[in-house]
Every structure is written in structure tokens, then in C-alpha cells.
Amino acid sequence: MTDTGYNYAYLDEQTKRMIRRAILKAVAVPGYQVPFAGREMPLPYGWGTGGIQVTAAIIGQDDTLKVIDQGADDTTNAVSIRRFFARTAAVKTTEKTVEATVIQTRHRIPETPLTENQIMVYQVPIPEPLRWMEPRETETRKMHALQEYGVMHVKLYEDIARFGHIATTYDYPVMVNDRYLMAPSPIPKFDNPKLNNSPALQLFGAGREKRIYAVPPYTPVKSLDFTDHPFEVQRWDDCCALCGATDSFLDEVITDDKGGRMYVCSDSDYCGDRRAAGHVGPQGVDADAYQRATAAE
Amino acid sequence: MTNQTNAPRPAVSVRDLEKTFVLHTQGGARLPVFAGLTLDVFPGECVALHGPSGAGKSTLLRSLYANYKPGSGQVLVRHGDSTVDMVSATPHQILAVRRHTMGYVSQFLRVIPRVSTLDIVAEPLITLGTAPEEARARARALLTRLRIAERLWSLAPATFSGGEQQRVNIARGFSVPYPVLLLDEPTASLDAANRATVLELITEAKQRGAAVIGIFHDADARAAVADRLFDVLPVPSQAA
Amino acid sequence: MTMIPQTPLLRVEGLTHYYGSRLGCRDVSFDLYPGEVLGIVGESGSGKSTLLSCLSARQDPSSGRVLYQSRHDGEIDLYRVSEPRRRLLMRTEWGIVHQNPRDGLRMTVSAGANIGERLMAVGARHYGDIRDQAIDWLGRVEISDDRTDDLPRTFSGGMQQRLQIARNLVTQPRLIFMDEPTGGLDVSVQARLLDLLRGLVSSLGLSVIIVTHDLAVARLLAHRLMVMKEGQVVETGLTDQVLDDPHHPYTQLLVSSVLQV
């Protein structure tokens, strides 16, 4: 049941149509930032206002929504947004990647491979990858129009000069469809390869900057690099302490005041699935024990 | 062009040259220097400009070099296979004549900060396309002949004495075997030994066929190298 | 012997610019040949900088043409070709040295990256090569290689200016525009910079258009001079002609106003 007093999915129909038009244009020109008339949302900028508007414009009652924040489904922001759409759009929500049709995310792409039936919605704080080098919007637009992207490599050059390798670890710039330079939102560069040739439609919404851009299914997305310093993703010496995964993005968790720490999957759903399937990490407990423990809480 | 006889052609031919300075900062005062001046100088001869101080000898020399712009007339210079009128030539033609054909030794060296003595002397040859090492070898030979101590070669001549600067200037002027040489008091402020060397250089230039036009205040020097004199007389000041 | 000058690199015809009803520069025409250094002199407000902006594709003139003989595509009419073409030209065949290094450098990235940027902008993607070239050019402008990773703001004014020159020259341009490159520098620093510029201009065969109000700088660097007053060219000629035998009243005033040291 939806809350009365609001239109379906909170935004009025005209606004949703306006946003859909922007999305269509974004899909037609992969990587290009389409301006849109962003609305005030009942949450502050920086909490996902761009992503929520995109989700509101595309969601329908048949959809199943998953929201993650830093990979986890159970953080405040993720829970609030899921609840918001449950109330205003009467959609089913889930924490399971495989069940979701729309996944709104901040900072991660799920480890479970996406499918053609899914849409990723990214919350974007700063959509302009060139902003770091060029403060003028008129100039950055011209640079995109003329494909003058050499300056983006200056940032990578500085990394190598200073640290001996490309030290940029998140929001790592990519070229979309060999044409537009794009900020992939603050996902770790670990997730950049998942952007490439993905079967899912990927939409990016920036609420404060009022920009929407997209990567349509099966679009080439290439991370910038130098021929003698090729793009590389992060690797960890440890595996996930709970599920033993060695192929997932790991968060470092401080466990005490004495320097104790553990590494666990940032994707909580992926980690849970693996443990349910019987994988156990060095500090993990088996699935039955885990379920008993969580049920008792 | 029409005449293909063996009669020698002048290297420099001055026709009806006129020069007047107009000083706008002094109420537009007009200072006529010379008018109707005509002079031919042939390869291998040295013509000394002669006349009292202030008569316009230096002005004439500078006009030949197109450093000053005459009001009317022609300065025809044989430049390779062509003839260039320095009065009406384009800047590029003038620079080409100066690079290849016409050398000018002024009274004072224009010092360029931080450029070494050796490079100052070698520069005209290098500009002509001579290999830098060859140009520097020629520069070393000239500096040695003109008795510039070797320890000074790597220094910029800003701090040199007047006589030393003048000798560097002469070395630079004689580095390229120009077909035409303009010399403004080349022997002034030189001691006897160096004066003799400069006169030798002039004589050698004449022997290789250079046309030399010079101002020599020193009568002995003039007598030693000049084949003839050309009188430059002050224009009678016009009654106001 | 090369008697006949080659084709001009730059041909300027009747260049005029008005800011609204106020005159910037009027009816300026000249040719610039390969390897030639043209000085534009005149006091502040005489239209020198406006002219330089119009020449260097940074200011659409009100009327007139700028024709440039490009490396591969023959003569192009600067304000008729597309903006991308013009911007490409500025990255590849042209360079601009600003009076204030802050206008020509990225102050927040290292000296090496400042030089490397022009290379990356034309497609260089090999870090090692880019860095080698950057260090080579730092050496050529007399900056030691241990400063490669320092920010330009830790450099002295003279070093910043030399870095700006290196940044411009690394892509081997053919035409450089300079706006008072020695302005605001101590004389000793000026002398070093001028000497460096003289050497680079002649060894690389660069064509240069240099705006300056300093006649000594003009004499040292320029083959030819254009004297500007109130937006118009009042006298042109070989540098030594203009300075030693000035004809126009304004040029005479300018030359006679220089203090002798």
C-alpha cells in the first residue's frame, strides 16, 4: 500500500516524464552528462537525491528494489531509501542481488554478476571527471565536445610521479564507448571492470549537480591508463575472514583497541550467500551457527 | 643586365642619396645631412669617407647598411646574382644582404648579456649555416690575431676595456668573408700593434675582392689602406 | 644563398577589433616568416595585447583575417576554421607564453606534469617517455631534474617563466606568442631568460610574436618591430632601423624616453 497524499513514487508524473526524457537521451549518448531539472527531495544533498529521482522515474509496481551503501544492505542510508520506496511506490524490496530488478547503489557494484533484467542506479556526488583540472563548466563542456581529454592523464601522471603507481583507488576515470570521459561515481576501481560490457543498464544520477548519464547494456567502458602503467585493480593478501572469498572487495574492520583487525566482504549479500553455501573463512562460523546467532538478536 | 662586357661592375652603387632627420620631439626641426650623393665602389678597393666631424660620414655608412632610412635615392648592392636596393628593399631582403653580403663594424660593440666573446664572434658564421665548431675555430683564430687573451673568450665582454670591446667587434665583423665591408673608425682606440693587425685584415679583405668603405680619422691608417677618398661635405644649413 | 624569402608562416590582413564602440586595434596587416621574431612595442593601452589576442585565436576580431600556413594542411583562415581545429592548432603548432606564469601554468600539479600535459594532450600515453621528455626540457630551460616533481609555486618567478617556456616548446610548435615575458622580473633574471629565449629561438627556428614595452628586450630578440599607438601601427621596420632612426613622432618620443644606463 502506498502512503496517501503523495503521487506514486513520490514525484509527480510530469517530473518523472522529464527525468525519463533525460534518461533516454543519456542512454542514446553513452557517457554524456544530460542536465535535468532536479527536484528537492526529502533528504539532504549527498544522501542520494540524484539516485532517488532516477529510481522514482523508472520504478514500477512489478519491480523489486535493492539498495546498497558501501556494499551493505543494512546501513542507515540503504534502509531509509528502501523504506521510502516501499511506502511511496509499494514495491517489493530485497537484499538479494539475484532477486532485484532495480539496484540503487552508493560506492559499490554487487559481486554477483548482473543480468539483462536489472538496472543499476548510481548516486553520484561529482559527475564531472574533468572538474579536478578545470573549474569552468563552459570549458569542461567544450572539452567533452571536442574530446580534449589529455589533461585527465595529468592526474594519473602525478600519481605515478609521487607514488610510483596510479594511486587513484576510487572514482577512477573511464572512457565510455570510446567517446566520453566519465566519472564512474565513487566506486572503488576494483569495480571498474564490471562496468565494461555489462548486461545491465547503468544509470547515474547527480542530485546537487543535476546531471544524469548512462552506460547502456553491453557498452565498452575502458579505464584510463598509460601503456607502461596499465590499469590494475586492488588485491588483498587476506581473504574474507567470514566467508573465505578471495575474489571480492574487502573492507578492513578494526576489532579492538590493540590493533586487531579483520577483512570482510564489503558486499554483505555476497558474503551471506557464500556462507549459506558452506564457505567458511578463518574467523567465520558455519551457516547454521550464523543463522542461530542472528535469529537470537 | 644588358651589358655583358668585362668592365668591372661596382659592388655598391649609391645613386642620388638624400637624408634628412626630422626631430619631432624638438618642434619638427629638420636636419639635412646629405643630398644628391652618388658613389660607386668596386670589388677590391677601399674608399675612405672624408670630411669634417659632423659632416655625415657615419650617417652615410649607416644609410648604406639600411640602419638609417634615407629619404630618397638608391643604394644598389650586388647580392649574389641579383642587385638589391637597400633603400626600397623589404626587411627580409635587407637581412639577407646583411647576412651574406654586407658586414658592418660599428664604433661600439653592442654587448649581449651572458653571451661569451667566442660566441659573439662566431655567431655571424653560425647564422650563415657554418658548423658551430668550424665557426668557433675561425673565431679563435681572429681573437688570437687581435690579441684578446684566451682566458677572456668564455666571458661576456660587458666588463672589457673599450679597446678590447672594439677588437671583439672587429673580429665579429671580419668573421664572415663579406663581399662588402663598412667600417666606422675601426682603428680608433687601438694601440699600434693592434692597429697594424686591423690594417692587415682590411688589406686581406681587399685582396680577396671585398669592396671596403670606411671612416678613418687616423691619417696614417687611411693612407695605408684607402685607394681613394670620397668627400662628404656638410649640407649648407638652409636659411630659416 | 637563399635570396627569396619563403612563404610567410602567418599573414595578417586588416585586423581590427572594437570593444563595443571603443577601439582595441585597427587595420593591422603584416607577414611573419619562418624563423622571424616580430616585436610589438608601445605603451600600456596602445592595443598591443588586444592585437596579440586576436592573432593567437583568443579573441574573435571585429574584422580582418589571420592566415596561417599549417604544417600539414596548407594555409588556414584562423577565424573561418572550426573551433576544434583552432584549439588543436594551439596545442600542437602554437605556444603562448603569458606575462604572468599563473596564466600559463597549472600551479597545482608538478613541473614535470606541466610539461607532460601538452604531450598527453596530443596523445602521448607512455609515462616513461613523457617523463623523459619533461626532464629533458627542464634541462634545456636550466631547471635541474631534482625539481621535476615540485609544484611551480615553490619556484622563483624566473623559474616559473622558464617552466612556462618549456611547457610550450615540448610539442615543437612553430609559432610562439609572448606577452611581456620578462615583465616583473629582476634585471639579472631577465637577462638570463632573454639569453635562453634567444638561443631557443635560433636553434629551433621558431617564429615569435613578442609584445613588450621594453625597447631593450625588443632590440635583443626581435628582427622587426611594429610600433603601436592608440590601436594603430604607426611605424614598422627592422628593429635597428626603428630604434636608431625612428621617423614617427611617437616612436621618437618612445626611443628618446628610454633611460641610458
For P173(C), does its backbone N or O pair with a side-chain atom of T171(C) as donor and acceptor, under 3.5 Å? no
Taking ring-ring contact (aromatic ring centres under 6.0 Å, His included) as the criterion, tell me which of F190(A), Y270(A), Y170(A) meets it with F249(A). F190(A)
Option that, when pairs with chain C are counted at under 4.5 Å, heavy atom only, ranks first among M152(A), H229(A), R162(A), K142(A): K142(A)
Please flag which part of R118(C) lies under 4.5 Å from any non-hydrogen atom of chain A: side chain, backbone, both or neither. neither
Name of the residue among D31(C), L78(C), L38(C), L32(C) meeting side-chain contact (heavy atoms from CB on, under 4.5 Å) with L10(C): L32(C)
Counting only non-hydrogen atoms closer than 4.5 Å, does H153(A) touch chain C with its backbone (N, CA, C, O), its side chain (CB onward), both, or neither? both
For L146(A), is it the side chain, the backbone, both or neither that has a heavy atom under 4.5 Å from a heavy atom of chain C? side chain
Salt bridge D150(C)-R147(C), side-chain N to carboxylate O under 4.0 Å: yes
Can you tell which of T227(A), V154(A), D228(A) has the highest number of heavy-atom pairs within less than 4.5 Å of chain C? D228(A)
Sub-4.5 Å side-chain heavy-atom contact between Q33(A) and P129(A): yes
Chain A interface, residue from A124(C), G128(C), P84(C), G116(C) that has the most non-hydrogen pairs under 4.5 Å: P84(C)
Ignoring hydrogens and angles, tell me if any N or O in the side chain of R11(C) forms a donor-acceptor pair with the backbone of V66(C) under 3.5 Å. no
Find the one option among S110(C), S82(C), A121(C) whose heavy-atom pairs under 4.5 Å with chain A are most numerous. S110(C)
